[in-house]
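Each remark here refers to the structure printed beneath this line.
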Amino acid sequence: MQAFSAAELNQRLEALLNPVLSSRRTARPLAEALAPLTREQHNFALRWVEIIARTNYEMAYQFAAAAPSALATLDAANAEAWIIHAMDTYDRAGLYQGGEAFKNVAAFTLSAAEKHAVRFEEAAPVLAHFVCGLAGRRLEIEAAPAAWTDTATLYLPLRMAAGTSREQNFLIYKIIATLLWAQSRFGTFSADLQAATRQYAEPARALDWLNYLESVRLEARIAHVLPGLARDLNPLRGGARESKESQFTLLQKIDATVADSIALLDTLPLDRDAPRDAWTGALRPAEAAAKRAARLAQEKDELQAALAALLAEEAKRNTEDSAGYTAGEGETFDVETRSNETGELEHEISLGGKPVAAPDHVRKLLDSIAQDLGEIPDDYLTPRADDATNDDADIEEIPPEEHPRFYDEWDYQRRHYRKQWCALRELDVPSDNNDFARETLHKYAPQVLQLRRSFEMLRGEDRLMKRMIHGDDIDLDAVIAGYADLRAGSELTERLFTRRHKAERNLAVMFMVDMSGSTKGWINEAERESLVLLAEALEVLGDRYAIYGFSGMTRKRCEIFRIKRFDEAYSSEVRSRIAGITPQDYTRMGAAIRHLSALLDEVDARTKLLITLSDGKPDDYSDNYRGDYGIEDTRQALLESHRMGIKPFCITIDHEARAYLPHMYGAANWTLVDDVSRLPLKVTDIYRRLTT
């Protein structure tokens with residue numbers, strides 16, 4: 001239907017607004033401003049001019065003046081909401097404020113957006129489960145000023161207000177997360193994007209256009225593997241992009257790659273800005289390349305180690321005597337990888353032409369490597385010779401100083417212990433004779449006084465026991481009650497005395513403090529302050545406690561640092577050792593837990609606690625301890641502590657702790673302190689709750 005001309009609009013507006021028009025104030029400027037709009041918008045504006053004029057002609061005129069700019073930015077539903085808002089303002093505050101409400105469309109748009117905005121904190125719990133359910137490697141989500149991914153973490157906006165409702169804003173969050181996942185899953189970063197855009201006059205603008213092309217390709221892939229989400233996306237797009245994308249039919253094929261997107265860059269107007277949608281993230285190829293390279297190096301090492309173990313298991317199945325069989329005899333695995341209809345990767349693994357049933361952790365490694373490289377390279381499939389069978393081959397290389405103790409380590413892939421695998425030494429923390437303890441007590445002086453008072457209440461004070469047969473004093477209440485019973489004809493009770501009884505706290509606590517390199521800075525200071533306050537409070541309480549730090553680098557150098565032993569008094573020397581706690585190396589936790597549990601087991605106490613203070617998950621340098629292996633070894637060490645009658649508990653400041661601590665410690669045996677500055681006071685509060 002053809003739009004009205006300016007003359008036709010002028011005629012209609014003159015009829016509707018006649019009472020407020022004059023020789024100086026005509027309807028022509030209003031008609032000329034409305035003329036470029038569509039016929040549908042003309043009908044909308046004229047209908048509302050007529051409705052508003054029934055209430056006030058001046059308000060109708062103000063609406064007609066503001067309508068052209070408003071209808072250019074608002075859809076019909078939001079335009080009606082704007083009109084009702086302005087008329088409500090007129091009813092409450094009068095003509096001037098009502099007219100201002102019509103003029104200030106931007107303020108209304110912002111207010112409406114805020115009303116329907118969704119914050120990251122609201123969306124994150126649902127999105128975390130959604131992302132976890134997508135095919136491919138496990139991804140984390142975090143908040144950031146803008147959306148992007150480094151292929152390991154999806155960074156999502158702090159808030160979303162681009163939609164017209166909360167439901168629509170949450171859907172946009174979901175689409176952003178899916179597109180970022182698709183960048184990692186379908187190979188956006190498998191090419192050198194920086195090199196591909198460096199040749200152009202404006203590399204940043206070329207990268208934006210490449211991002212646009214990739215969004216076209218990835219949306220087509222999403223429509224194939226997640227058709228329901230693609231249907232939800234179509235109404236948001238409003239069909240506006242389909243005509244623009246007709247020239248990119250190549251990218252919508254199922255086998256299109258990032259190379260196809262790069263090839264199309266030369267066909268685009270790179271002197272103009274690329275189109276963007278509310279769900280368009282950014283490409284940050286440098287960060288993605290760094291994360292991808294580190295992951296590939298680690299996963300290659302882990303895969304070769306896992307294949308070595310798998311090769312040894314196959315040897316044991318196929319021969320009665322596998323003592324002379326090693327993984328270094330040139331045998332390799334073959335893997336055929338393909339993608340199913342839902343986008344999941346499937347791997348057929350064979351050895352010598354015979355299929356091999358690979359465990360889940362091997363398939364996950366293959367999934368992740370295939371996502372990054374598009375295939376599994378042959379050199380990744382060569383088992384690592386030094387990790388197949390002989391667990392004790394290089395123990396003799398460990399230096400003999402400090403009389404190291406050897407501990408088993410749990411290999412969850414093989415389902416057995418590596419015997420005498422970790423060499424652990426006990427070292428003293430170098431004393432630091434500064435005034436750290438005194439400064440800490442001065443800094444927290446009011447809180448220290450409160451802590452001491454609260455811990456005094458927990459101490460085993462004398463408790464007055466009443467109605468005793470024998471005792472130290474007369475129980476007057478019992479005597480009065482007995483006299484009343486006697487007068488009533490009952491026999492006088494013998495329980496007429498009181499006696500004082502001291503309730504002893506029979507417990508021992510081992511504090512295991514993370515001294516890995518990641519605690520450098522504020523975390524290290526918060527840990528030391530926590531130990532000073534805790535020691536001061538425990539001296540009031542009288543509980544037996546010990547403090548040890550832990551760190552290390554590889555299985556050959558696991559280290560425990562003595563800060564305070566059970567049989568040692570809290571002295572100036574202990575305070576100096578606390579001040580001397582400094583970050584060391586990595587976080588190989590299993591051996592440390594086994595050693596400290598053995599020390600705690602030697603203490604005669606009814607209740608034994610092993611409290612770990614840490615800033616992250618188990619980790620180590622250049623071997624397969626990172627990831628699931630370290631988590632499973634730590635979990636096994638904690639289970640061993642449980643069998644010894646020790647209750648482990650973990651206090652962490654790692655915001656990712658929910659992903660692994662419940663598995664290691666149990667759902668109720670850990671807590672997150674989300675603000676490092678609160679750690680010193682929080683630790684003492686947690687200890688009080690654990691021991692009462």
Inset, instruction - Check the side chains of Thr188 and Glu214 for a donor-acceptor pair under 3.5 angstrom, ignoring hydrogens and angles. - result: yes
Inset, instruction - State which residue, out of Val225, Leu229, Leu127, fulfils the side chain to side chain contact (heavy atoms under 4.5 Å, CB included) condition with Thr178. - result: Leu229
Inset, instruction - Check whether NZ of the Lys or CZ of the Arg Arg292 lies under 6.0 Å from the centre of the six-membered ring of Phe189 and within 45 degrees of that ring's axis. - result: no
Inset, instruction - Could you tell me the separation between the CD atom of Gln304 and the CG atom of Leu365, rounded to the nearest 0.5 Å? - result: 11.0 Å
Inset, instruction - Ignoring hydrogens and angles, tell me if any N or O in the side chain of Asn43 forms a donor-acceptor pair with the backbone of Glu40 under 3.5 Å. - result: no
Legend entry - Distance, nearest 0.5 Å, that separates CZ of Arg28 from CG of Leu9: 11.0 Å
Inset, instruction - Identify whether NZ of Lys or CZ of Arg in Arg159 sits under 6.0 Å from the centre of the six-membered ring of Phe120 and within 45° of that ring's axis. - result: no
Legend entry - Cation over ring face, Arg25 and Tyr61, 6.0 Å, 45°: yes
Inset, instruction - Flag the pair Trp82 / Asn104 as yes when at least one side-chain heavy-atom distance between them is below 4.5 Å, and no otherwise. - result: no
Legend entry - Check ion pair Asp260-Arg217 (N to O, under 4.0 angstrom): no
Legend entry - Side-chain (Glu58) to main-chain (Leu95) donor-acceptor, under 3.5 angstrom: no
Inset, instruction - Can you spot which of Val49, Leu16, Leu21, Val20 makes a side chain to side chain contact (heavy atoms under 4.5 Å, CB included) with Tyr57? - result: Val20
